[in-house]
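One structure below.
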2 protein chains.
Amino acid sequence: MSDSQRFPVAAHALAYLAHKDAVAPDAAVSSAELAASMPTNPVVVRRVTAMLAKAGLIATRPGANGGAWLIKPADQIGLDVVLRAVNGCAHLGMPPPGAQGCPVGERIPEAVRSAITAADQAAAERLSRITVADLLKAA
Amino acid sequence: MSDSQRFPVAAHALAYLAHKDAVAPDAAVSSAELAASMPTNPVVVRRVTAMLAKAGLIATRPGANGGAWLIKPADQIGLDVVLRAVNGCAHLGMPPPGAQGCPVGERIPEAVRSAITAADQAAAERLSRITVADLLKAA
DNA sequence: AAAACTGCATCCACTGCTGTTACGAATCCC
DNA sequence: GGGATTCGTAACAGCAGTGGATGCAGTTTT
């Protein structure tokens with residue numbers, strides 16, 4: 001996967017929602033306002049918020065005064081969940097090459113793949129210890 | 001950065017060299033042979049082996065019976081060093097967006113960036129506990 | 001001298017992401 | 001009800017990074 005800005009955008013958006021106490025439909029924040037704080041394009045924000053909504057982290061509402069709000073406490077949203085919501089997975093160069101007839105060559109990719117998944121899990125475990133609320137505390 | 005196969009290719013190549021006991025110039029393995037075990041293109045392999053050579057993990061020699069060989073024991077090559085040699089760094093979506101006038105918006109990217117670097121370091125730490133020799137043991 | 005091999009440059013094709021515009025659908029305000 | 005607002009999604013162009021292929025200069029063995 002290419003260099004993606006989606007995870008930073010998602011984390012920023014969630015932190016912004018937490019900062020604005022957007023925890024109910026009548027406090028929804030529009031994609032335009034979120035985009036202005038990055039800064040980036042409202043469409044990019046909506047692409048990310050749609051994924052976060054499908055992951056059950058936020059809810060969105062169309063129409064006037066619409067937008068997004070948190071449906072989970074900010075201190076209960078780990079960044080590993082955010083990463084999985086927008087990216088599927090971390091990546092160090094995911095697909096190892098497939099080997100061929102060579103007996104050793106066939107098993108090396110398997111070992112490489114397990115090393116990569118171990119590293120991905122370590123990154124996810126580290127991210128799970130950081131919550132959206134922590135992003136504001138650190139500021 | 002896009003989905004890169006460089007790290008898997010590098011790990012596979014180093015494991016293959018270790019398996020063949022290629023630890024001296026007269027045991028050099030050609031890029032064609034390494035490529036055949038992936039399988040991939042010899043040029044792709046040479047692009048990677050050139051980086052590994054600059055990182056001091058292997059040496060290469062041109063000419064007939066040339067190729068690459070290890071210049072460090074396989075059990076002393078951590079995969080974190082390999083990743084840094086070919087990729088520069090792990091990546092979860094490296095550059096957070098820059099903020100603007102908003103006082104909170106300005107500091108969120110900083111917090112996001114520190115979270116990303118923490119995750120990268122966790123992944124590197126995990127990789128450092130796996131050596132090229134371990135890739136063969138696991139097979 | 002001939003053959004083999006690395007390293008590098010160049011070219012092309014492909015993929016994924018961002019940014020933008022546009023449109024339909026849903027929702028609120030008057 | 002009518003109009004304005006906003007989301008979700010699609011379509012498009014532009015850009016960057018990568019893999020694959022070919023060619024060439026330089027080095028080393030035979």
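All heavy atoms count here, side chains included; hydrogens, waters and symmetry mates do not. Numbered from 1 within each chain, the chains take letters A, B, ... in sequence-line order.
Phe7(A) has its CZ atom 14 Å from the P atom of dT18(C), to the nearest Å. The CZ-C1' distance, from Arg46(B) to dA9(C), rounds to 13 Å in whole Å. Rounded to an integer number of Å, the gap from Trp69(B) CH2 to dC5(C) P is 14 Å. Rounded to an integer number of Å, the gap from Leu34(B) CG to dC5(C) P is 12 Å. Arg6(B) places its CZ atom 8 Å from the C1' atom of dT18(D), with the value rounded to the nearest Å. One atom, CG of Asn65(B), and another, P of dT29(D), lie 8 Å apart when rounded to the nearest Å. Atom-to-atom, CD of Gln5(A) to C1' of dG19(C) comes out at 12 Å; the value is rounded to the nearest Å. Taking atom CZ of residue Arg61(B) and atom P of nucleotide dT30(D), one finds them 9 Å apart after rounding to whole Å.
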Less than 3.5 Å apart, which donor and acceptor atoms pair up between the side chains of residues 53-76 of chain B and the rest of the protein, not counting sequence neighbours?
unit_1: Arg61(B); atom_1: NH2; unit_2: Pro25(B); atom_2: O; d: 3.3
unit_1: Arg61(B); atom_1: NH2; unit_2: Asn65(B); atom_2: O; d: 2.8

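For Ala50(A) and Gly63(A), each mapped to the nucleotide of DNA chain D holding its nearest heavy atom, the one lying further toward the 5' end belongs to Gly63(A). Comparing Pro62(A) and Val43(A) along DNA chain C, the residue whose closest nucleotide (by nearest heavy atom) sits nearer the 5' end is Val43(A). A residue-by-residue look at Ser31(B) and Arg47(B) shows that Ser31(B) has its nearest nucleotide of DNA chain C further toward the 5' end.
Listed for the His12(B) side chain is a donor-acceptor partner under 3.5 Å among the backbone atoms of Ser37(B).
With respect to the salt-bridge test (charged N to carboxylate O, under 4.0 angstrom), the residues Lys20(A) and Glu33(A) qualify.
Note on Thr60(A): every side-chain N or O is 4.0 Å or more away from OP1 and OP2 of dT6(D). Side-chain nitrogen and oxygen atoms of Asn41(A) include at least one within less than 4.0 Å of the OP1 or OP2 phosphate oxygen of dT20(C). For Thr40(A) and dG19(C), the shortest distance from a side-chain N or O to OP1 or OP2 is below 4.0 Å.
At a threshold of 4.5 Å between non-hydrogen side-chain atoms, the residues Thr49(A) and Ser31(A) do not count as touching.
With no hydrogens or angles considered, a side-chain donor-acceptor pair links Asp134(A) and Thr131(A) at under 3.5 Å.
Within the nucleic acid shown, Gly66(B) comes within 4.0 Å of sugar-phosphate atoms alone, with no base atom in reach, counting heavy atoms only.
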